[in-house]
Every structure is written in structure tokens, then in C-alpha cells.
Amino acid sequence: VNVTNTGDEKATQTLNLTDTEFNNNEQDTADITLNGGESNSSITLDWTTAEGDNGTGDVTVFSENVSDTQSVTVNAAPTAPTVVTNNGSTVDEGGNNTITQSELETTDAEQGPSNLTYTIDADVTEGQLADTNAQLDQGDTFTQQDINDGFIEYRHDGTEPTSESFDFTVRDGQGGSVSGTFSITINQVNDAPAALSLGSTTVKQSAGLNAVVGSFTTTDVDDSSHTY
């Protein structure tokens with residue numbers, strides 16, 4: 001603030017700073033003593049915005065004899081992104097599934113989907129995440145726009161667990177972030193037996209009727225009981 005004593009005599013006055021259109025509160029005061037004709041441009045008055053202050057308004061500095069009003073614009077503080085949908089996905093054993101916007105979506109009041117970046121904090125263990133044809137691993141990134149465009153896919157490796165997940169953090173590029181876990185349900189498929197073997201293939205000539213030649217052994221990840 002620049003203050004000048006326009007009179008001839010030494011004088012003291014109190015300066016007041018008021019935000020007349022935000023909270024209409026007195027923000028700061030300062031007592032100034034100047035000789036006649038003297039100026040002082042190093043006077044500082046502090047103004048602190050309150051939560052919710054946003055837009056353009058006036059602040060006024062005044063004393064007993066004079067006032068001055070200036071227009072001030074207060075920018076809203078950036079908001080953090082919000083995960084608005086996290087429904088998870090379902091995939092058949094050994095199959096692929098595109099993660100859609102209806103399954104996973106993050107929004108932000110100031111940023112569009114192309115500026116919301118997912119980082120994979122903990123990767124899947126029973127398959128592979130991919131962005132179009134590029135493999136995604138822990139530490140890799142993709143955007144909400146990639147999800148909206150149908151580019152993000154989960155590819156199951158055919159193993160037997162019925163569920164898995166990956167952890168993520170979404171950042172808006174303005175310092176805001178949010179974290180979450182995306183769950184994947186795996187529908188099991190009945191796999192055909194993988195191997196069939198006979199424990200013995202010979203029998204003594206004198207073994208007689210109904211002699212046991214050997215035992216069948218079957219390898220099957222889904223069942224332990226089989227009918228031959």
C-alpha cells in the first residue's frame with residue numbers, strides 16, 4: 001500500500017483492509033505516522049481467503065479520510081479426482097475382457113478423462129493387463145480416456161484361482177490423487193483331462209480270468225474322480 005500525508009503537519013491514521021464482497025470482514029489494520037507531505041510505499045496489509053472463496057470481488061483499504069477499492073479474482077482450489085464407478089470385471093478362465101467405463105471410471109471437476117492418469121501400484125498375478133497391444137506392468141500408466149475408448153484389457157492365463165485384482169492410483173496432474181483396487185472375478189471352465197496312463201501293460205500268462213493288468217491314472221486340474 002502506498003500512503004501519502006497530503007497535509008502540512010505530522011499525523012497518524014489507521015489503515016483498514018476489508019474484503020467487501022467475500023466475507024465482508026476486516027482482514028488487517030496498520031497505524032501509520034507520516035510527516036506533512038511524506039509518503040510510504042512499503043506498508044503491507046495481509047488478506048487471507050476463506051474456504052469457499054471463489055470468483056471476483058472487491059477489497060477496500062480505508063482510513064479516516066480516504067479509501068481505495070481494488071477488484072480481486074480468487075481462483076477455486078483444485079479438487080482431487082473421485083472414483084465414481086468401481087464395479088470390477090468378470091472373465092472366463094483363459095479368456096480376455098475389456099475394462100469398460102461402466103466398470104471403472106474416475107472424474108475430476110477441473111480435468112477431463114485424458115488428464116486423469118492411472119498408475120498400476122500392484123499388478124495382476126493370474127494374467128496380464130494390456131493397453132491395446134502393449135503389455136502393462138506394475139508402475140505403468142494409462143488414462144481414463146483409454147478406458148472410455150475400450151483400449152484397456154485383462155487377459156487371463158488359464159490358471160485356476162477364481163479372483164484377482166490390481167491396485168491403482170489416479171492423478172489429475174494438479175496435485176490431486178485417489179487410490180483404489182479393481183477386482184476381477186474369474187469364471188472357471190471345466191478343462192478336459194490332460195493325460196491318461198496305465199500303470200502296467202503286461203500280465204502273466206497264468207494270471208487267469210479277471211486278472212489285473214494295471215491301474216489307469218488321469219491328470220485333470222478340475223476333477224479327481226473319473227469314469228472310463
Side-chain angles (χ1 to χ4, degrees), residues 1-87 99-121 131 140-152 167-182:
V1 178
N2 184 18
V3 179
T4 300
N5 182 352
T6 58
D8 297 326
E9 304 292 332
K10 182 177 181 179
T12 299
Q13 289 201 9
T14 299
L15 295 180
N16 300 272
L17 173 64
T18 302
D19 58 347
T20 53
E21 291 189 23
F22 290 98
N23 299 304
N24 199 27
N25 293 328
E26 183 176 81
Q27 294 287 329
D28 200 6
T29 63
D31 291 330
I32 307 299
T33 300
L34 296 173
N35 294 317
E38 183 183 6
S39 297
N40 187 337
S41 61
S42 62
I43 302 165
T44 300
L45 296 172
D46 294 325
W47 174 42
T48 302
T49 58
E51 184 177 354
D53 285 349
N54 181 25
T56 300
D58 292 337
V59 293
T60 300
V61 177
F62 64 92
S63 64
E64 298 174 22
N65 305 113
V66 68
S67 67
D68 185 37
T69 298
Q70 297 290 329
S71 179
V72 176
T73 298
V74 178
N75 295 322
T79 58
T82 302
V83 179
V84 295
T85 304
N86 188 0
N87 293 327
I99 299 174
T100 65
Q101 185 178 355
S102 64
E103 295 172 339
L104 181 61
E105 183 178 16
T106 300
T107 61
D108 187 283
E110 294 84 33
Q111 303 299 320
S114 60
N115 293 325
L116 298 177
T117 302
Y118 290 76
T119 300
I120 301 171
D121 299 324
D131 185 349
D140 288 339
T141 62
F142 56 91
T143 68
Q144 181 63 49
Q145 191 64 56
D146 291 331
I147 295 176
N148 298 356
D149 291 339
F151 293 158
I152 306 303
D167 296 338
F168 61 85
T169 297
V170 186
R171 296 178 173 84
D172 63 7
Q174 303 298 315
S177 65
V178 62
S179 297
T181 298
F182 187 78

Side-chain H-bond candidate by donor/acceptor type, T29 with N16, under 3.5 Å
no

For I120, does its backbone N or O pair with a side-chain atom of D140 as donor and acceptor, under 3.5 Å?
no

4.5 Å side-chain heavy-atom contact, L104 and Y118:
yes

Considering all heavy atoms, the nearest G176-P81 contact
C-CD, 3.5 Å

With no hydrogens and no angle check, is any side-chain donor or acceptor of N5 less than 3.5 Å from a backbone partner on N35?
yes

Go through the steps for E105 and I147 under the test side chain to side chain contact (heavy atoms under 4.5 Å, CB included), then give the verdict.
CA-CA 8 Å; E105 183 178 16; I147 295 176; over 6 Å; no

So, taking the atom named CG in L116 and the one named CG in D172, what distance separates them when rounded to the nearest 0.5 Å?
6.5 Å

I would like to know whether V83 and F168 meet side chain to side chain contact (heavy atoms under 4.5 Å, CB included); could you show each step before the answer?
CA-CA 11 Å; V83 179; F168 61 85; 4.1 Å; yes

If only side-chain N and O atoms count, and only distance matters, is there a donor-acceptor pair under 3.5 Å linking T169 with S179?
yes

Residues T82 and T107: side-chain donor-acceptor under 3.5 angstrom
no

Measure the CG-OG1 distance between D28 and T18 for me, rounded to the nearest 0.5 Å.
10.0 Å

Compare every heavy atom of G37 with every heavy atom of T4, then report the nearest pair and how far apart it is.
CG2-O, 4.5 Å

Do T79 and E110 meet the criterion of a side-chain donor-acceptor pair at a distance under 3.5 Å?
yes

Inter-residue atom distance Q13.CD - L34.CG, 0.5 Å rounding
9.5 Å

Report yes if some heavy atom in the side chain of T85 is under 4.5 Å from a heavy atom in the side chain of Q101; otherwise report no.
no

Under the side-chain hydrogen bond (donor to acceptor under 3.5 Å, both in side chains) rule, what do Q70 and D68 come out as? Steps first, then yes or no, please.
CA-CA 7 Å; Q70 297 290 329; D68 185 37; 3.3 Å; yes

Closest approach of F182 to E103 (non-hydrogen atoms, all atoms of both residues)
CE1-O, 3.6 Å

Distance in Å, I32 CD1 paired with N40 CG, rounded so as to fall on 0.5 Å steps
6.0 Å

So how far is it from Q111 CD to T143 OG1, rounded to the nearest 0.5 Å?
12.5 Å

Q144 side chain to T106 backbone, donor-acceptor under 3.5 Å:
yes

How long is the span from the CG atom in N86 to the OG1 atom in T181, to the nearest 0.5 Å?
8.0 Å

